[in-house]
> 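Before anything else, here's the structure in question.
These numbers come from the heavy atoms of this one structure, side chains and all, not from hydrogens, waters or symmetry mates.
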Amino acid sequence: MASNPYILLTGPLLMGSLISFFLNGAFAMQIYHYYMNYASTDRRFFVFLVVVVVLVEILHMFFSTHTTYSILAAGFTDPRVFINTPWSGAALPALNGTVGLCTQLFFAWRILVLTKSVWGKLSAGLVVLTAGMQCAASYGVTIQFTLLARQLDLLRTLKRTVIVWLAGSFLCDVLISITMVIILMNARGATAYTGSKNVLNALIVHTIENGMITTACALVDLICYLLFPDNLFYVCFEYLLGRLYANVLLATLNGRQRMRAVSNSEHEFSGRSSGKTSQTNQVQLSNLRTYPTASQQASKTYPVVSVTTDVQIDDDNSIPKSKFYDEA
């Protein structure tokens, strides 16, 4: 059954559509959380990126649904539907490239804010260039495929443009992950505060996980396009690529509140333990030299000495936490 050409064309399309709807639901929950907690107070740049991503995701949902319906329902068992594919399918690469651009621009801004070094600025600039390149290539795929009358057999002739798009996305995501991990590891090495190290470790893991999601999807999409041009395996991952970018962006924005709460709890614990002396059951040192009186000996009651141990923890101010939780 797997060797049936019709199944190889429609099966990946169906699976990609179903998983895409699942990711759209997760994205809707992320948007609700962002609207309730950040929309009114967040930076205008962040709000602008979120609005653009939401609009593009709505368009992608309608266009991908139209494509899937036209092929699986209206064109059921009709192989001619693959000769000239629906017009909505040609627009999907451009929409995915736009969402990827917004997410990558956010991380480029984050890199620029977290480090003022020359290499940090160069890395941020390189991220912007590769993000713009992959987005432009995605629009090139949409335009060229439209000019080819949306003939599926001719899509393989756009190999160079597709490679620039997907390889550019892959390269940009790898660059973002490596740069962010280096910045966070340098910050972790510059602090002796255990609480800050724990939070930075969590940020490093979060950065690697998010980077691997989009990087793996772009790489698998490119491999499927190059190795399996006669089926629609690559379309399945194309359906998912933009949805993953959107969820990564919103998850990162919404995660700031949780990271800030962890940092504040660590800071408050340090404040309670720093420079504080217990006032309960204290005894002057001079009283320790006295002996029990006659009445105390008769009643067998003696002064009770309470010894308290205070731990002095110096708060670490070497890391401006606002850069990681408020600005980033």
Side-chain angles (χ1 to χ4, degrees), residues 16 19-58 60-61 95-114 124 127 131 134 169-170 172-181 183-184 198-221 237 239-264 321-328:
I19 301 175
S20 177
F21 277 117
F22 173 80
L23 294 176
N24 284 332
F27 179 71
M29 295 299 298
Q30 296 277 9
I31 287 297
Y32 175 78
H33 182 79
Y34 180 84
Y35 176 79
M36 296 299 295
N37 295 278
Y38 294 100
S40 59
T41 59
D42 213 355
R43 294 174 176 271
R44 292 184 178 180
F45 175 62
F46 294 169
V47 176
F48 172 76
L49 289 179
V50 171
V51 170
V52 172
V53 169
V54 169
L55 294 177
V56 173
E57 284 297 286
I58 292 175
H60 187 280
M61 182 177 64
L95 298 177
N96 287 329
T98 302
V99 177
L101 176 66
C102 292
T103 303
Q104 291 158 351
L105 287 180
F106 165 76
F107 283 105
W109 181 91
R110 197 178 212 188
I111 293 171
L112 195 61
V113 169
L114 294 181
V127 168
Q134 68 85 15
S169 298
F170 172 81
C172 189
D173 295 339
V174 171
L175 180 61
I176 289 172
S177 298
I178 293 176
T179 305
M180 288 295 300
V181 168
I183 292 174
L184 295 174
N198 292 336
V199 175
L200 289 170
N201 287 334
L203 288 173
I204 291 173
V205 174
H206 181 74
T207 300
I208 295 175
E209 289 176 346
N210 286 342
M212 288 182 61
I213 292 174
T214 54
T215 300
C217 186
L219 180 61
V220 173
D221 193 8
F237 293 98
Y239 269 33
L240 307 181
L241 184 60
R243 313 312 55 75
L244 293 175
Y245 273 120
N247 277 278
V248 165
L249 175 62
L250 267 296
T252 304
L253 290 173
N254 291 333
R256 293 173 296 169
Q257 189 178 38
R258 177 172 54 86
M259 290 297 178
R260 191 183 299 116
V262 173
S263 176
N264 290 339
K321 297 181 177 58
S322 61
K323 285 188 176 183
F324 292 102
Y325 315 118
D326 296 329
E327 296 182 359

> What pair of heavy atoms forms the shortest contact from Tyr245 to Ser169, and how long is it?
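Taking Tyr245 first and Ser169 second, the nearest heavy atoms are OH-CB, 3.5 Å.
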> Locate the shortest heavy-atom distance separating Leu49 from Cys102; write the atom from each residue and the value.
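Heavy atoms only, the tightest pair is CD1-O, 3.8 Å.
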> Would you give the length of the straight line joining atom CG of Asn37 to atom CZ of Arg256, rounded to the nearest 0.5 angstrom?
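The distance works out to 10.0 Å.
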> Do Leu114 and Met180 come close enough that some side-chain heavy atom pair is under 4.5 Å?
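Result yes, sub-4.5 Å side-chain heavy-atom pair found.
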> What distance do Thr179 atom OG1 and Ile111 atom CD1 have between them, rounded to the nearest 0.5 Å?
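So the gap between those two atoms works out to 4.5 Å.
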> When the ring planes of Trp109 and Phe46 are compared, do they come out parallel, tilted or perpendicular, using 30° and 60° as the limits?
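Rings of Trp109 and Phe46: perpendicular, over 60°.
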> Are any non-hydrogen side-chain atoms of Leu250 and Ile31 less than 4.5 angstrom apart?
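Leu250 reaches Ile31 side chain to side chain.
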> Less than 4.5 Å apart, any side-chain heavy atom of Val50 and any of Tyr38?
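Not touching, per the 4.5 Å side-chain cut-off.
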> Taking all atoms of both residues into account, what is the closest heavy-atom pair of Val127 and Ala108, and its distance?
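Heavy atoms of Val127 and Ala108 come nearest at CG1-CB, 3.7 Å.
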> Once you round to the nearest 0.5 Å, how far does CG of Asn96 lie from CG of Leu244?
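Between Asn96 CG and Leu244 CG, I get 9.5 Å after rounding to 0.5 Å.
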> Go through the steps to decide whether Leu249 and Val53 satisfy the test side chain to side chain contact (heavy atoms under 4.5 Å, CB included), and finish with yes or no.
CA-CA 9 Å; Leu249 175 62; Val53 169; 3.8 Å; yes
> Got Phe27 and Glu57 here, is their nearest side-chain heavy-atom distance under 4.5 Å?
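A side-chain contact exists here, since the closest heavy-atom pair is under 4.5 Å.
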> Within the 3.5 Å criterion, strictly below it, is a donor on Tyr34 or Asp42 matched to an acceptor on the partner's side chain?
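Distance-only check passes for Tyr34 and Asp42.
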> With rounding to the nearest 0.5 Å, note down the distance linking OG in Ser177 to CD1 in Ile204.
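One finds 12.5 Å between OG of Ser177 and CD1 of Ile204.
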> Pick from Asn210, Thr103, Thr207: which one makes a side-chain contact (heavy atoms from CB on, under 4.5 Å) with Thr252?
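Output: one option passes, namely Asn210.
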> Within the distance-only criterion (no hydrogens, no angle test), does the side chain of Arg243 pair as donor or acceptor with the backbone N or O of Leu240 below 3.5 angstrom?
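Pair absent, no side-chain N/O of Arg243 close to backbone of Leu240.
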> Looking at side-chain heavy atoms only, is the closest gap between Leu241 and Phe237 below 4.5 Å?
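Heavy-atom side-chain distance check fails, nothing below 4.5 Å.
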> Report, as yes or no, whether the 6.0 Å neighbourhood of atom OH on Tyr32 holds more than 12 heavy atoms from other residues, nucleotides or ligands.
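No, OH of Tyr32 has 12 or fewer neighbouring heavy atoms, counting only those of other groups under 6.0 Å.
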> Between Val99 and Ala246, what is the shortest heavy-atom contact and its length?
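For Val99 and Ala246, the tightest heavy-atom pair comes out as CG1-N, 3.7 Å.
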> So which heavy atom on Leu23 is nearest to which on Asn247, and how close?
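Looking at all heavy atoms of both residues, the closest pair is O-ND2, 3.3 Å.
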> Donor-acceptor pair, distance only, cut-off 3.5 Å: does the side chain of Asp173 make one with the backbone of Met212?
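Not at all, since once roles are kept as given, no pair shorter than 3.5 Å links the two residues.
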> Please report the shortest heavy-atom distance between Gly100 and Gln134, naming the atom on each side.
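Taking Gly100 first and Gln134 second, the nearest heavy atoms are C-NE2, 3.7 Å.
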> Strictly distance-based, threshold 3.5 Å: is any side-chain N or O of Asp221 a donor or acceptor partner for the main-chain N or O of Cys217?
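Absent.
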> Just verifying a value: how many Å separate Leu112 CG and Phe107 CZ, rounded to the nearest 0.5 Å?
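Between atom CG of Leu112 and atom CZ of Phe107 there are 15.0 Å.
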> Rounded to the nearest 0.5 Å, how far apart are CD of Glu209 and OG1 of Thr214?
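Rounded to the nearest 0.5 Å, the CD-OG1 separation comes out at 12.5 Å.
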